[in-house]
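Here the structure comes first, spelled out in structure tokens, and everything after it is commentary.
Chain letters run A, B, ... following the sequence lines, proteins first, then strands; residues in each count from 1.
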Amino acid sequence: MEVKYRKSQGLTDKKLSYCPGCTHGIVHKLVAESLEELGVLGKSVGVASVGCSVFSYEFFNCDMQQAPHGRACAEATGIKRVLPNNVVFTYQGDGDLASIGIAETIHAANRGENITVIFINNAIYGMTGGQMAPTTLEGQRTTTSQDGRNHLIHGNPIKISEIFSQIEGAAYVERVSVYNPKQLMKAKKAIKKAFTYQVEKRGFTLIEVLSSCPVNWGMTPPDALKWIEEKMTPVFPMGVFKDSGEAHE
Amino acid sequence: MQPIVFMTGYYGSGKTEIVLELAIRDQYDMVIDLDIINPYFRSREAHRALAEAHIQLISSDHDQPTYADMPYVSGRMYAPFLETGVKAIYDLGGNDLGAKLLRQFEMFDQEIELLLVVNLFRPETSDTEKIIQLIHAIEGSSGRKVTGLINNTNLLKETTAEDILAGQVVLREVSHRMKLPIRFTVVERHVPVEGIAWDGDLLRLQLRLRKSWY
Amino acid sequence: MAKVLMKGNEAIALAALKGGIDAFFGYPITPQNEIPEYLSKHLLAAGKVFVQAESEVAAINMVYGAAGAGARVMTSSSSPGIALKQEGISYIAGAELPCVIVSVMRGGPGLGGIQPSQADYYQATRGGGNGDYQLIVYAPETIQETIDTLKESFDIADYYRNPVLILVDGLIGQMMESVDFDKPIRKRFIPEKDYATTGTDHHPGRNIVNSHYLNPDELEQHNLHLQKKYQQIKNNETKFEMINMEQPDYVIVAYGTMSRIARSAIEMLEEQGIHVGMIRPITLWPYPRAAFDQIPKSCKGILCAEMSMGQMLDDVLISDRGRHDVAFFGRVGGIVPEPEEIVDAILHFQERVVK
Amino acid sequence: MPKGKVTFDYEMCKGCGLCVAFCPQHILYQDKVDLNKSGYNIIKVNDPEKCIGCAFCAMMCPDSVITVEVNK
């Protein structure tokens, strides 16, 4: 018999610090597998953010830096500018990227920083206890929108991929999900393509992954995946929002 | 010399101190501070000395013009072009960036003096080539020809007459190649000058913006 | 390179180049703009890194990333901008990365003004960032001293794996002085940057740049380790100058621009037959407490002079340990005092004694 | 001879059940009795012969618990 699927070399042996059924783990695998398959693990530098994925510096089997809340893209800029031939990526949640760190992220994109951003959108703040995220859906109950998000009070869910599609320096922006194996395979393709673009020095790449938070959503892991498909995808449609396809240099 | 003088040069070359000295010595009617580059050590800080010498100072219409950190200049900056017989010196900000303000005067066709202050001890104007490059840059950004040179070679308190003479040698070469007269040689009052043949008019300088303790 | 006439900010930028800077990240703010302007031209021309960030917050985090990747990195800013950088500075200190930060002080609080001030003494020595950390803080008084300090500070930062802050005010940043860039600096043994995240192809194991320790025991150990390092810095790097200290009637304590004004005041007082000495701290952290043990018995009192409202005064009181009357003189808001004002403060010393 | 074979790194399992939910052959189940050291109910295979080696279970597993082998 031959091995068809095994744990990626791009992950350490450390047990993930995510809740049972949280799709952070799935996206970690996709990133790790992409780096492993492209043969760039030994020159990769990841930037962990603040939020549930803060410990990702313990999980990705490459050099890592841990960034202040929202600053991952600034930190990645610093790394990439002095190590232009390394592969540099950030792994950020929706609070980190779409709220406190949106300036750093937009400007890194606008400068066309040759980095890859993995953006986990699960419509809620997981780590701090289920508060409203900038991506929380209208009507969604969180600990800081207890009667449901109301755009008149709380504003609207922010659409990162749509925004970044307008930015000159962004080479590739796609929104994917991992709610079933088919979507997962598309997500893997997108993430691998983003890293390929980086290796080819084409500029800024961002992959938004619609993810689950079964514990804070109050659902079983399989039900949480159904909720992504049924509730999130109408608000956050999947697809390629920008693909420059052109060489950057 | 035309009655309207614009003082330009590399930043830190001594433009402002020369503007103040020349305005007071030769009884100019107006000093117009157009330094939008740098909010420290501008001629507007010497408003008292200028007032005592009955020289009108024009800087900004802002109600806190002395220390304002914004490029807002006064519309009265055009006054010397609109009136006849006014002797005025414009203090531009440093480099070609400061000289770009001359573009605001394109509608006037009067002849002006555009004098380049040079200190050979400023590393960016330390030789003939660099000075000529600066002249080209200033002419490019201002749209006006430089009309004369000012030798302000100095190391502040440490300046010797030999230093100034060394500057004169280089400026003569610039003068020859660019066909520009050396209008002034600037010498701080503590430096002895007897028996030396200086190019142009000798301007004895008293520093007005620099305090005695530095 | 012989003597040249340089503006403070421009000299800071050139000294950084001489100190081996690899990358600069900054954001414009008066009165330090000549630093990034100069470096933008010369760093890119030398094939090195210059990025004008979208904010001071981003700039300091770019510094963090590049320092973690093993580069010699610098940023510069002024008072409100340094305030914004405190978050990143705390992380850099926590992750034990080297970098150089230049702070060209202006008046505050809030947006304040753009004229020179020393109102950021607390900001520099106490820090606005979270946690128990220290920066090595230098307060040079001339452009020449600023150059020499800056050239050496890259080595010091690397040696201790700690951020170094060069604290000057707008006057030093904007004034001109004749300077020499080729004064030799002290040679130090700089260890290999085996912590740098250059990719596992380039070193054994994984390198992680981090200031995150959830386990209280580990975090306490990390803090104790930092304190041990800070003690080492106190022992090795504390710098100060003693001026005119033979049997002084009074001793002035002043740093940076204020110490230059005090030098003139001391000469003027000497003419009146009043003999005044000066302790000039060169490092503000570590603060030169030992200097106060060397004050001769003749001294009737200490005058702390600042272009702030009594920030360094705390360190003077701590260092003097109640041995003398301590008086205070301060001007703020961008006012640079005249030497005569300090002369007057000495002549009316008793009225100024801090209760 | 089954087409595929799945093996579990039981100590890494958090019993989330995503593998069970996405197995097209419905051959996985969460054991009601057996726990791993972390206290999670582990996943077992009730009919290994039916495994087609699609690896959906392994792909959907967030914790890299499952290795899949196939006969060629």
Side-chain angles (χ1 to χ4, degrees), chain A residues 9-12 14 17 35 39-50 54-88 90 100-111 113 115 127, chain C residues 21-25 27 43-44 47-73 75 85-92 94-95 97 99 129-130 193 195-203 205-214:
Chain A
Q9 302 286 314
L11 292 170
T12 63
K14 198 95 180 172
S17 54
L35 296 174
V40 296
L41 265 174
K43 59 174 184 172
S44 291
V45 185
V47 180
S49 53
V50 169
V54 64
F55 273 120
S56 62
Y57 61 80
E58 293 198 340
F59 307 138
F60 289 115
N61 192 16
C62 59
D63 280 357
M64 294 291 294
Q65 296 198 16
Q66 197 286 316
H69 200 191
R71 318 301 175 217
C73 280
E75 194 166 331
T77 297
I79 301 167
K80 187 71 181 192
R81 289 292 181 117
V82 299
L83 299 173
N85 296 318
N86 286 51
V87 170
V88 178
T90 70
I100 190 170
I102 195 158
E104 284 77 3
T105 315
I106 282 191
H107 285 279
N110 197 47
R111 289 189 301 267
E113 296 294 344
I115 59 174
M127 183 203 226
Chain C
I21 185 176
D22 295 315
F24 178 93
F25 305 94
Y27 185 79
L43 274 176
L44 294 178
K48 295 182 176 182
V49 174
F50 173 90
V51 179
Q52 178 168 321
E54 60 273 24
S55 67
E56 287 88 348
V57 177
I60 193 69
N61 284 289
M62 292 175 189
V63 167
Y64 179 33
R72 282 200 151 182
V73 201
T75 186
K85 289 184 197 285
Q86 298 297 343
E87 170 198 72
I89 292 172
S90 169
Y91 276 71
I92 293 169
L97 296 177
C99 70
N130 58 302
K193 294 188 173 180
Y195 56 82
T197 58
T198 51
T200 52
D201 283 349
H202 303 283
H203 53 74
R206 294 164 62 233
N207 281 344
I208 300 172
V209 165
N210 187 23
S211 63
H212 181 227
Y213 298 83
L214 277 187

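- Counting only distance, with no hydrogens or angles, the side chain of A:S56 and the backbone of A:A48 share no donor-acceptor pair below 3.5 Å.
- There is a side-chain donor-acceptor pair under 3.5 Å between A:D63 and C:H203.
- Only the side chain of A:F55 has a heavy atom closer than 4.5 Å to any heavy atom of chain C.
- Here the options are A:V82, A:L83, A:T77, the test is side-chain contact (heavy atoms from CB on, under 4.5 Å), and the partner is A:I79; only A:L83 passes.
- Contacts of C:F50 with chain A are made by backbone atoms alone, with heavy-atom separations under 4.5 Å and no side-chain atom involved.
- For A:L41, the part lying near chain C is the backbone, with the side chain staying farther off; criterion is any non-hydrogen pair under 4.5 Å.
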Please report, to 0.1 Å, the donor-acceptor pairs under 3.5 Å made by any side chain of residues 55-67 of chain C, with sequence neighbours excluded.
| unit_1 | atom_1 | unit_2 | atom_2 | d |
| --- | --- | --- | --- | --- |
| C:S55 | OG | C:V57 | N | 3.3 |
| C:S55 | OG | C:A58 | N | 3.0 |
| C:N61 | ND2 | C:V57 | O | 2.8 |
| C:Y64 | OH | A:Q66 | O | 2.7 |

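- Looking only at distances, no side-chain donor or acceptor of A:N86 sits under 3.5 Å from a matching main-chain atom of A:V88.
- Contacts with chain C were tallied for A:G78, A:P68, A:A74; A:P68 has the most, counting heavy-atom pairs under 4.5 Å.
- Using a 4.5 Å cut-off between heavy atoms, A:A67 contacts chain C through its backbone alone, with no side-chain atom that close.
- When each of C:T198, C:L214, C:D22 is checked for heavy-atom pairs under 4.5 Å with chain A, C:T198 comes out on top.
- When heavy atoms are compared at a cutoff of 4.5 Å, A:N61 approaches chain C by way of both its backbone and its side chain.
- Using a cut-off of 4.0 Å between Lys/Arg side-chain N and Asp/Glu carboxylate O, A:E58 and A:K14 are scored as salt-bridged.
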